[in-house]
Asks: 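Would you mind keeping the following structure in view while I ask a few things?
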2 protein chains.
Amino acid sequence: MKKKPVSIRNIAEELKISVTTVSFVLNGKAKEKHISKELTKKVLDYAKSINYRPNQIAQSLRTGKSKLLVFMVEDISNNFFSQLARIFEDIAYEKGYKVIFCSNENDDEKANELITLFNFRQVDGFIIVPSPGIRETIENLIKDNIPVILLDRFYEGLDCNSVVIDNEQASYDATQHLIDNKFKNICFISTASDQSQMYGRLHGYEKAVEANGLEPHVLQIPFNEIIKGKGKEYIRAFFQKNKDLDAVFFSTNYLAQSGLEVLKETDQNLIKDLGLIAFDDNDMFKIYDPTITSVAQPLVEICTKLMEVMLPLLKKKDVSETHQKIVLKTDLIIRESSLAKQK
Amino acid sequence: MKKKPVSIRNIAEELKISVTTVSFVLNGKAKEKHISKELTKKVLDYAKSINYRPNQIAQSLRTGKSKLLVFMVEDISNNFFSQLARIFEDIAYEKGYKVIFCSNENDDEKANELITLFNFRQVDGFIIVPSPGIRETIENLIKDNIPVILLDRFYEGLDCNSVVIDNEQASYDATQHLIDNKFKNICFISTASDQSQMYGRLHGYEKAVEANGLEPHVLQIPFNEIIKGKGKEYIRAFFQKNKDLDAVFFSTNYLAQSGLEVLKETDQNLIKDLGLIAFDDNDMFKIYDPTITSVAQPLVEICTKLMEVMLPLLKKKDVSETHQKIVLKTDLIIRESSLAKQK
DNA sequence: CAAACATACTAAAACGTTTTAGTAAAAAAA
DNA sequence: TTTTTTTACTAAAACGTTTTAGTATGTTTG
């Protein structure tokens, strides 16, 4: 049978003292509240002996803090996000916070639904990879003084904490690297999205191409078509039309996945002849043939910064004063796929 | 400034009725509790107009239910587990449950720590991929009447709900498939673990090899060496010693990862000449050259079963009566890497 | 026409904490 | 000696719900 866990009241009764005293001692306020050393020790010892654990629900109700953070990403099964989750998990637990991970699929309705599900209040803070159209929801969270940090992307003009990477620079460098390796017809395969991260990646590419007097070749696939699994068709058609490409830059890891599938289907040798770079690193890229060059995001640094920004927010009364925008540098991991090919 | 959310009391005051009545109406007990249609409507309308959301913390405190499930895996950044997480997330949310994902790294101390962190009580149920030595902890959870389901592996002789796959059969079939494709010196690369899933995979392999009058070649790497990143060294040494191997069966996806790295380093052609099968599918296997045959677990089915077993447990007073052990079939996804090679 | 029942509602306790605003006694200061 | 301060502790309210055990009417029933 389910035996009830011991409460602070049980301890108080057992030791014939008040609940208040027990609470003070357990919260380390013994000194401050003038509880005698002997009694303090007695309480501590007894609590330990029965393995007392406070009921966090009751604590939450009383204090208004749940020690729960929401980490909302696009898709937790995506390698990039699950890596982030794994790292953030450790950092958060170390600070006494539990984390609820969820996936919004970059869909506004789903994102809003999830945020209301968490009830605006029963969670101490949000880390959100925002879908395109939930700017207003975010504004409301901030207005309600809930700690929020945007991750991976942000809204132009919205004053909000965020941790992102320098997408434009990353993309520029990757493109320039291809150019340095003698590739001339470099295409950029991306989503039809005006979200900040995609915008940055596109512009970095365009700038680099232009700076070198080359022609841009851009494919932008509507996001909902990708969801429907039609990404490959778009890519296939694009390659069909652009026969003279000598390099491909994929702007996300799932596009790289689809793109490589298409290339493999089309012609086994294509993959070796083309210059290839993918955004977001993947362990598999190390063992692919050729090994694949990628733009790696600084995962640990991202998570560290997230917590660094989050912690003070959780303490503060007023969240709005100090909006920080953290922009991190990426790493271009150069592997075989982007090096000049000797024919 | 942080404005307080409306409470049931505010509603009661506004409508000049009792808190009890409001609660009854909001919980759909109006009819049963003889609240008049008019008043019922009035309350409902008002609640909606102010967008009332109950404080779930208070609800939890009162009812003892948190609507929170813990989904503890080995490593949430591992493709297999993050895929499961993504699927389970949807299923759980649909039923009104939120999910806390965490990673125990197959480490007993970490697993125990996490379980106590969740305080045994403030969570409605646990789904756990158990590390080798937490059998006692699990027994205690069951004794305390907390719903638990073991996932992916179980403890021999411990009566507990579990959802696993038929590892032995899966492994047997995969090995037999290699044998059918003319491979004769098939090695099995695994962890030195007597956990049920690994045991099953090893035995399936051994049985198939024996049934065909072949020699087994087994490498079992200590788990802590893998954690330390020494997996590759072990594999490298093993390949060095066993020059006559013509096929490799990797018992987990991270071993496949390491193994392929080693093979690639050693000799680019090796990968194409050897027969290869990996446990757990990965999207990347589709685009590898050769495409890689894998044993795919039925992810959706696993998650569906998990929830199917969990839901009744969450309702019940006594959890111990109906321990279910669900064993699911795997899918051998045959790709190029395991087909007979023409020399 | 009293007893039984149905209807429409509510007061108050309870869940397990934290915290405010105390009290009583001992010690120090005047 | 009286007043003030310090020490050691506690009663009770509060957080926002749910639920038990009512009450006060009105309506049937025998």
Asks: When the axes are fitted on five pairs at both termini, how much does the helix from C/dC1-D/dG30 to C/dA30-D/dT1 curve, in 10° steps?
Replies: 60°

Asks: On the six-membered ring of B/Tyr97, is B/Lys67 placed so that its NZ or CZ lies under 6.0 angstrom from the centre and within 45° of the ring axis?
Replies: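 Ring-cation test returns yes.
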
Asks: Taking N and O atoms by type only, does the side chain of A/Arg62 place a donor or acceptor under 3.5 Å from a partner on the base of C/dT17?
Replies: no

Asks: Show your working on side chain to side chain contact (heavy atoms under 4.5 Å, CB included) between B/Glu139 and B/Leu158 and close with a plain yes or no.
Replies: CA-CA 8 Å; B/Glu139 282 174 328; B/Leu158 173 64; 3.4 Å; yes

Asks: Does A/Ser7 put a side-chain nitrogen or oxygen below 4.0 Å from OP1 or OP2 of C/dG16?
Replies: no

Asks: Under 3.5 Å, which protein N or O atoms sit close to an N or O of nucleotides 20-25 of chain D? Give each pair with its distance.
Replies:
none

Asks: What is the distance, to the nearest angstrom, from the CZ atom on B/Arg9 to the C1' atom on C/dA12?
Replies: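 Taking atom C1' of C/dA12 as the reference, CZ of B/Arg9 is at 11 Å.
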
Asks: Starting at atom CD of A/Glu32, determine the distance to atom C1' of C/dT18, rounded to an integer number of angstrom.
Replies: 13 Å

Asks: Sub-3.5 Å donor-acceptor pair from the side chain of A/Asn161 to the main-chain atoms of A/Gln324, do we have one?
Replies: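 Side chain of A/Asn161 to backbone of A/Gln324, a donor-acceptor pair under 3.5 Å: yes, one is there.
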
Asks: So how far is it from A/Asn78 CG to B/Gln83 CD, rounded to the nearest 0.5 Å?
Replies: 10.0 Å

Asks: May I have the distance from B/Lys29 (atom NZ) to D/dT18 (atom C1'), rounded to whole angstrom?
Replies: 7 Å

Asks: Enumerate all atom pairs, one protein N or O and one N or O from nucleotides 4-7 of chain D, separated by less than 3.5 Å.
Replies:
none

Asks: Below 4.0 angstrom from OP1 or OP2 of D/dT17, is there any side-chain N or O of B/Ser23?
Replies: no

Asks: Between B/Tyr52 and D/dG16, is there a side-chain N or O to OP1/OP2 distance below 4.0 Å?
Replies: no

Asks: Report yes or no: does B/Asp75 contribute a side-chain atom to a donor-acceptor pair with the main-chain N or O of B/Glu105 at less than 3.5 Å?
Replies: no

Asks: I want to check one thing: is the phosphate of D/dC9, taken as OP1 and OP2, less than 4.0 Å away from some side-chain N or O of A/Ser36?
Replies: yes

Asks: So which nucleotide from D/dG16, D/dT18, D/dC9 ends up closest to the side chain of B/Asn27?
Replies: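 Comparing D/dG16, D/dT18, D/dC9 against the side chain of B/Asn27, the answer is D/dT18.
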
Asks: Could you give the distance from CZ (B/Phe154) to NZ (B/Lys325), rounded to the nearest 0.5 Å?
Replies: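 Nearest 0.5 Å value for the CZ-NZ distance: 4.0 Å.
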
Asks: Send over the distance from B/Leu15 CG to C/dC9 C1', rounded to a whole Å.
Replies: 14 Å

